[in-house]
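Keep in mind it's a predicted model, so treat the numbers as computed, not measured. One-based numbering along the sequence shown.
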Amino acid sequence: VTGFILLKTGLVENDYRDALSLFQEARGLNPNKRPPSKRKVQEKEAEKEAALMAQQEKLRVAENSLQMHLNGRNLEASLMQYQRVKRLNPQFEWTEGQLKQLISWAQQNSDWNRTITLSQDYLSKFGAENKATATVVSLNLATLLLRKQSAPIKARKVLSTISPNLLTP
């Protein structure tokens with residue numbers, strides 16, 4: 001009788017392998033509908049908190065590594081670290097200064113495909129905010145598309161986004 005009362009009140013845990021649970025299953029009732037014990041709830045919360053802290057630590061390490069590679073002017077490693085940070089935090093984005101710096105490095109290394117990709121990223125993210133810099137990036141992008149990729153239609157499309165007022169004769 002004491003065991004029955006302890007099981008019924010949920011003070012004793014047995015993973016529903018007791019006679020009461022088997023009897024409820026046989027009658028078509030679900031014995032698993034009991035609310036989880038306080039200990040299980042606390043364990044799940046602790047696991048979630050530990051996983052969140054581990055994720056935040058990974059993100060912090062990845063962001064520090066990204067900054068270290070940017071400071072070291074390492075284009076390849078910076079781009080790889082950016083992808084890692086982006087996987088950990090999908091909302092993470094380059095700053096305007098970082099993108100301009102990466103475009104400059106890619107151009108210095110004659111890495112035209114990366115220069116084009118980074119320039120397109122810059123224009124999509126910051127083109128509306130800084131018209132003067134966006135104009136320079138657009139002109140540079142159009143030149144690369146025309147000369148390095150032989151893509152005059154794409155170059156023309158990029159040039160069409162430039163306001164004629166921003167071009168000085």
Rounded to the nearest 0.5 Å, what separates atom CD1 in Ile116 from atom CD1 in Ile103? 11.5 Å

ILVMFWY cluster, Leu141 and Trp112 together (side-chain gap under 4.5 Å): yes

Taking side chain as C-beta onward, heavy atoms only, is Leu145 less than 4.5 Å from Ile153? no

Are the side chains of Lys148 and Asn113 in contact, using a 4.5 Å heavy-atom criterion? no

From CA spacing to verdict: salt bridge (Lys or Arg N to Asp or Glu O under 4.0 Å), Glu57, Arg60: CA-CA 5 Å; Glu57 179 64 18; Arg60 187 187 63 75; 2.5 Å; yes

Can you tell me how far CG of Leu102 sits from CG of Asp121, rounded to the nearest 0.5 angstrom? 10.0 Å

Rounding to 0.5 Å, atoms CG (Asn140) and OG (Ser104) come to a distance of 10.0 Å

If Ile, Leu, Val, Met, Phe, Trp and Tyr residues are connected whenever their side-chain heavy atoms lie under 4.5 Å apart, and connections chain through other members, are Phe126 and Leu139 in the same group? no

Which atoms form the tightest heavy-atom contact between Thr161 and Ser138, and what is the distance? OG1-OG, 4.2 Å

Taking only residues two or more places apart in sequence or in another chain, which ones pass ring pair (Phe, Tyr, Trp, His ring centres under 6.0 Å) with Trp105? none

Would you please test Gln149 and Leu144 for side-chain contact (heavy atoms from CB on, under 4.5 Å) and show each step? CA-CA 7 Å; Gln149 288 195 341; Leu144 289 174; over 6 Å; no

If you measure from the Lys or Arg side-chain nitrogens to the Asp or Glu carboxylate oxygens, is any gap between Arg114 and Glu76 under 4.0 Å? yes

Any heavy-atom pair between the side chains of Tyr122 and Thr133 that's under 4.5 Å? yes

Check the surroundings of atom CG in Leu52: do more than 12 heavy atoms from other residues, nucleotides or ligands lie under 6.0 Å from it? yes

Closest contact, heavy atoms only, Lys131 versus Gly127: CD-O, 3.9 Å

For Thr115 and Asp111, indicate whether the former's side chain and the latter's backbone hold a donor-acceptor pair under 3.5 Å. yes

Please test Lys38 against Val41 for side-chain contact (heavy atoms from CB on, under 4.5 Å), starting from the C-alpha separation and ending with a verdict. CA-CA 5 Å; Lys38 289 180 184 178; Val41 170; 5.6 Å; no

Could you tell me the separation between the CD atom of Gln56 and the CG atom of Leu88, rounded to the nearest 0.5 Å? 11.5 Å

Thinking salt bridges, do Glu45 and Lys48 make one under a 4.0 Å N-O criterion? no

Nearest-0.5 Å distance, CD of residue Gln42 to CZ of residue Arg39: 9.5 Å

Short question: side chain of Gln81, backbone of Ala62 - any donor-acceptor pair under 3.5 Å? yes

Evaluate the criterion side-chain contact (heavy atoms from CB on, under 4.5 Å) for residue pair Ile162 and Leu159; output intermediate values, then yes/no. CA-CA 6 Å; Ile162 300 173; Leu159 290 173; 3.9 Å; yes

Can Arg84 and Glu63 be said to form a side-chain contact (heavy atoms from CB on, under 4.5 Å), step by step? CA-CA 9 Å; Arg84 182 173 175 221; Glu63 286 177 347; over 6 Å; no

Is the number of heavy atoms from other residues, nucleotides or ligands under 6.0 Å of Lys154 NZ greater than 12? no

For salt bridge (Lys or Arg N to Asp or Glu O under 4.0 Å), just list the numbers for Glu96 and Lys125, CA-CA rounded to whole Å, side-chain angles, deciding distance to a tenth of an Å, and then say yes or no. CA-CA 8 Å; Glu96 183 178 9; Lys125 292 179 181 120; over 6 Å; no

Looking at Asn89 and Gln91, would you say the former's side chain and the latter's main chain have a donor-acceptor pair under 3.5 Å? yes

What are the two closest non-hydrogen atoms of Leu66 and Tyr82, and how far apart are they? CD1-N, 3.9 Å

Taking atom CG of Leu99 and atom CD of Gln120, what is their separation to the nearest 0.5 Å? 12.0 Å

Taking a hydrophobic cluster as the set of Ile, Leu, Val, Met, Phe, Trp and Tyr residues connected by side-chain heavy atoms closer than 4.5 Å, whether directly or through intermediates, do Val85 and Leu79 fall within one such cluster? yes

Which atoms form the tightest heavy-atom contact between Ala106 and Leu118, and what is the distance? CB-CD1, 4.3 Å

May I ask you to test the Met53-Lys58 pair for a side-chain heavy-atom distance under 4.5 Å? no

For Leu123 against Ala134, the heavy-atom pair lying closest together: CD2-O, 3.5 Å

